[in-house]
2 protein chains.
Amino acid sequence: MELKVLVERYQTAINQVYRRINIILKEQIHADITTDQFSTLHYIFKNNTCTSTDIAGEFGVGKSAVTAQINRLYEKELIERNRDDTDRRVVYLSVTPKGTEFIVQTEKALFEVIGKYLQNFNEDEIYTFIHSLEKLAKVMNED
Amino acid sequence: MELKVLVERYQTAINQVYRRINIILKEQIHADITTDQFSTLHYIFKNNTCTSTDIAGEFGVGKSAVTAQINRLYEKELIERNRDDTDRRVVYLSVTPKGTEFIVQTEKALFEVIGKYLQNFNEDEIYTFIHSLEKLAKVMNED
DNA sequence: AATGAATAGTTCACCTATTGAACTATATTA
DNA sequence: TAATATAGTTCAATAGGTGAACTATTCATT
């Protein structure tokens with residue numbers, strides 16, 4: 001098969017999966033959060049006391065986009081900001097207890113839904129898929 | 001490995017790939033179009049004389065979002081609208097000659113870049129990956 | 001044939017997400 | 001100390017999305 005066709009099929013499928021996860025979060029889990037916001041929240045959870053600059057690097061967006069995203073999470077009281085005592089330019093981000101509880105509950109619901117879909121795959125298939133996806137992400141970021 | 005970890009790894013990788021394709025289109029190909037716009041344009045190209053409703057169904061978005069997207073492509077003179085003669089409610093969409101030329105050129109450049117990345121994979125790996133991705137998209141849309 | 005329901009598409013107000021340039025405040029370095 | 005670099009914010013602009021209200025048209029049913 002041609003590369004052209006493969007890339008087209010990839011784009012279509014990836015778009016469908018991406019949009020579907022958004023819809024699941026909203027309609028099935030009824031979590032008052034977007035996929036992007038949840039990804040950011042989750043990153044802060046996993047990388048406690050990270051900074052805006054860290055997040056900008058991780059997600060490949062500008063710092064002003066991070067400021068806006070952080071503000072939305074802050075207004076929902078899911079995260080808090082703490083300025084560094086020695087370097088007053090730096091603001092450390094961390095997840096509040098409310099935020100932690102939210103992550104636990106939302107992940108639980110999300111995994112139930114996703115797990116249901118993954119019943120259509122055997123273990124080998126899943127591992128191979130994740131491995132290829134991560135490899136693709138890795139080579140695309142090696143520039 | 002736990003499902004939880006798999007889903008997390010999936011989300012991280014898929015985000016990175018998604019954002020990377022946006023950056024390639026903009027910075028490497030210098031095409032004055034976004035990934036979303038290109039997907040819509042490509043769908044109209046492949047499904048000549050489709051309608052807004054078709055697109056809304058294909059991409060899983062509301063009709064008002066499609067109207068806005070169509071307007072952006074129309075302003076760039078990449079597509080045209082033709083009202084149905086027998087059912088005057090319906091507007092058929094098709095790609096202009098300028099739009100066709102644009103698709104050909106942009107795809108050519110895009111495939112060169114993506115093809116470079118795919119050199120890190122053998123054929124089997126690519127086919128298995130695409131197959132799993134399409135299967136995932138399919139089961140997620142079967143509700 | 002008339003009317004009520006359905007369908008196709010647009011418009012509007014509002015929200016999320018992003019960019020890039022200009023800005024503030026605080027280190028660092030030459 | 002003066003110039004430069006870094007961390008983060010603000011602002012105006014753009015893309016993309018929702019949902020409700022709307023126009024215009026067609027279909028269906030009595």
Side-chain angles (χ1 to χ4, degrees), chain A residues 15-16 18-27 30-41 43-44 49-76 78-93, chain B residues 15-16 18-27 30-41 43-44 49-76 78-93:
Chain A
N15 267 345
Q16 285 175 351
Y18 190 87
R19 287 166 201 278
R20 196 69 206 166
I21 292 176
N22 264 309
I23 294 170
I24 289 166
L25 257 183
K26 186 178 170 190
E27 292 182 6
H30 305 292
D32 176 27
I33 199 161
T34 65
T35 324
D36 281 338
Q37 282 172 27
F38 194 71
S39 294
T40 306
L41 180 62
Y43 179 83
I44 298 169
T49 67
C50 64
T51 66
S52 286
T53 305
D54 294 338
I55 294 174
E58 171 72 14
F59 293 100
V61 297
K63 288 192 295 178
S64 57
V66 177
T67 297
Q69 189 68 289
I70 291 304
N71 282 339
R72 285 185 283 267
L73 293 172
Y74 186 77
E75 272 153 32
K76 289 176 179 169
L78 299 174
I79 60 166
E80 54 188 25
R81 297 182 222 235
N82 288 103
R83 202 165 276 276
D84 186 313
D85 282 332
T86 56
D87 187 341
R88 306 291 295 157
R89 291 171 305 182
V90 178
V91 176
Y92 295 122
L93 302 167
Chain B
N15 266 344
Q16 285 175 350
Y18 190 87
R19 285 167 202 281
R20 198 67 204 168
I21 292 175
N22 264 307
I23 294 170
I24 289 167
L25 258 183
K26 188 178 168 190
E27 293 182 5
H30 305 291
D32 176 27
I33 198 162
T34 65
T35 324
D36 281 337
Q37 283 171 26
F38 193 72
S39 294
T40 305
L41 180 62
Y43 179 83
I44 297 169
T49 67
C50 64
T51 65
S52 287
T53 305
D54 294 337
I55 294 173
E58 171 71 13
F59 293 101
V61 298
K63 287 191 296 178
S64 57
V66 177
T67 297
Q69 189 67 287
I70 292 304
N71 282 339
R72 286 185 283 268
L73 293 172
Y74 187 77
E75 272 153 32
K76 288 176 179 166
L78 299 173
I79 60 165
E80 55 187 24
R81 297 182 223 235
N82 288 102
R83 201 166 277 276
D84 186 311
D85 281 332
T86 57
D87 187 341
R88 305 292 295 158
R89 294 170 303 180
V90 179
V91 176
Y92 295 122
L93 302 167

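Residue numbering restarts at 1 for every chain, and letters A, B, ... go by the order of the sequence lines.
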Quiz item: Can you check whether Arg81(A) has a side-chain N or O nearer than 4.0 Å to OP1 or OP2 of dA7(D)?
Solution: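 Checking dA7(D) against Arg81(A), no side-chain N or O comes under 4.0 Å of OP1 or OP2.
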Quiz item: What residues, two or more places apart in sequence or in another chain, satisfy ring-ring contact (aromatic ring centres under 6.0 Å, His included) together with Phe38(B)?
Solution: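 Phe38(B): no ring-ring contact (aromatic ring centres under 6.0 Å, His included) contacts found.
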Quiz item: Among all residues two or more places apart in sequence or in another chain, which pass the side-chain contact (heavy atoms from CB on, under 4.5 Å) test with Ala31(A)?
Solution: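 For Ala31(A), the residues satisfying side-chain contact (heavy atoms from CB on, under 4.5 Å) (neighbours in sequence not counted) are Leu25(A), Ile29(A), Ile33(A), Phe102(A), Thr106(A).
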Exercise. Sequence neighbours left out, what passes side-chain contact (heavy atoms from CB on, under 4.5 Å) with Thr34(B)? Give chain and number order.
Key: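 side-chain contact (heavy atoms from CB on, under 4.5 Å) check on Thr34(B) returns Asp36(B), Gln37(B).
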Take the protein atom [atom1] of [X] and the nucleotide atom [atom2] of [N], then report the distance between them rounded to whole Å.
X: Asn82(A); N: dA7(D); atom1: CG; atom2: P; value: 18 Å
X: Ile23(A); N: dT16(C); atom1: CD1; atom2: P; value: 18 Å
X: Leu73(A); N: dC15(C); atom1: CG; atom2: P; value: 17 Å
X: Arg72(B); N: dA13(D); atom1: CZ; atom2: P; value: 17 Å

Quiz prompt | Nearest non-hydrogen partners of Glu27(A) and His30(A), listed with the distance | solution =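 Reported closest heavy-atom pair: O-CE1, 2.9 Å.
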Quiz prompt | Closest non-hydrogen atom pair between Cys50(B) and Tyr43(B), with its separation | solution =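 Answer, listing the atom of Cys50(B) first, then Tyr43(B): SG-CE2, 4.0 Å.
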Quiz prompt | Reading 5' to 3' through nucleotides 22-30 of chain C, protein heavy-atom contacts under 4.0 Å coded B for base, S for sugar-phosphate only, - for none | solution = ---BBS---
Quiz item: Under a 4.0 Å heavy-atom cut-off, which of residues 59-69 of chain B touch DNA chain D?
Solution: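 Listed by number, they are Val61(B), Gly62(B), Ser64(B), Ala65(B), Gln69(B).
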Practice problem: Go through the structure and list residues passing salt bridge (Lys or Arg N to Asp or Glu O under 4.0 Å) with Arg81(A), not counting sequence neighbours. | Solution: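 Result, salt bridge (Lys or Arg N to Asp or Glu O under 4.0 Å) vs Arg81(A): none returned.
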Quiz item: Excluding sequence neighbours, so at least two apart, what forms salt bridge (Lys or Arg N to Asp or Glu O under 4.0 Å) with Asp87(B)?
Solution: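 Arg89(B).
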Quiz item: Which residues in residues 50-58 of chain B have at least one heavy atom lying under 4.0 Å from any atom of DNA chain C?
Solution: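 Correct list: Thr51(B), Ser52(B), Thr53(B).
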Exercise. Name the closest nucleotide to the Asp36(A) side chain, picking from dT18(C), dT16(C), dG8(D).
Key: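 Selected nucleotide: dT18(C).
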All side-chain hydrogen bond (donor to acceptor under 3.5 Å, both in side chains) counterparts of [X], not counting sequence neighbours:
X: Lys26(A); value: none
X: Glu58(A); value: none
X: Ser52(A); value: none
X: Asp32(A); value: none

Practice problem: With DNA chain D as reference, determine whether Val90(A) or Asn71(A) sits nearer its 5' end, using the nearest nucleotide of each. | Solution: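 That would be Val90(A).
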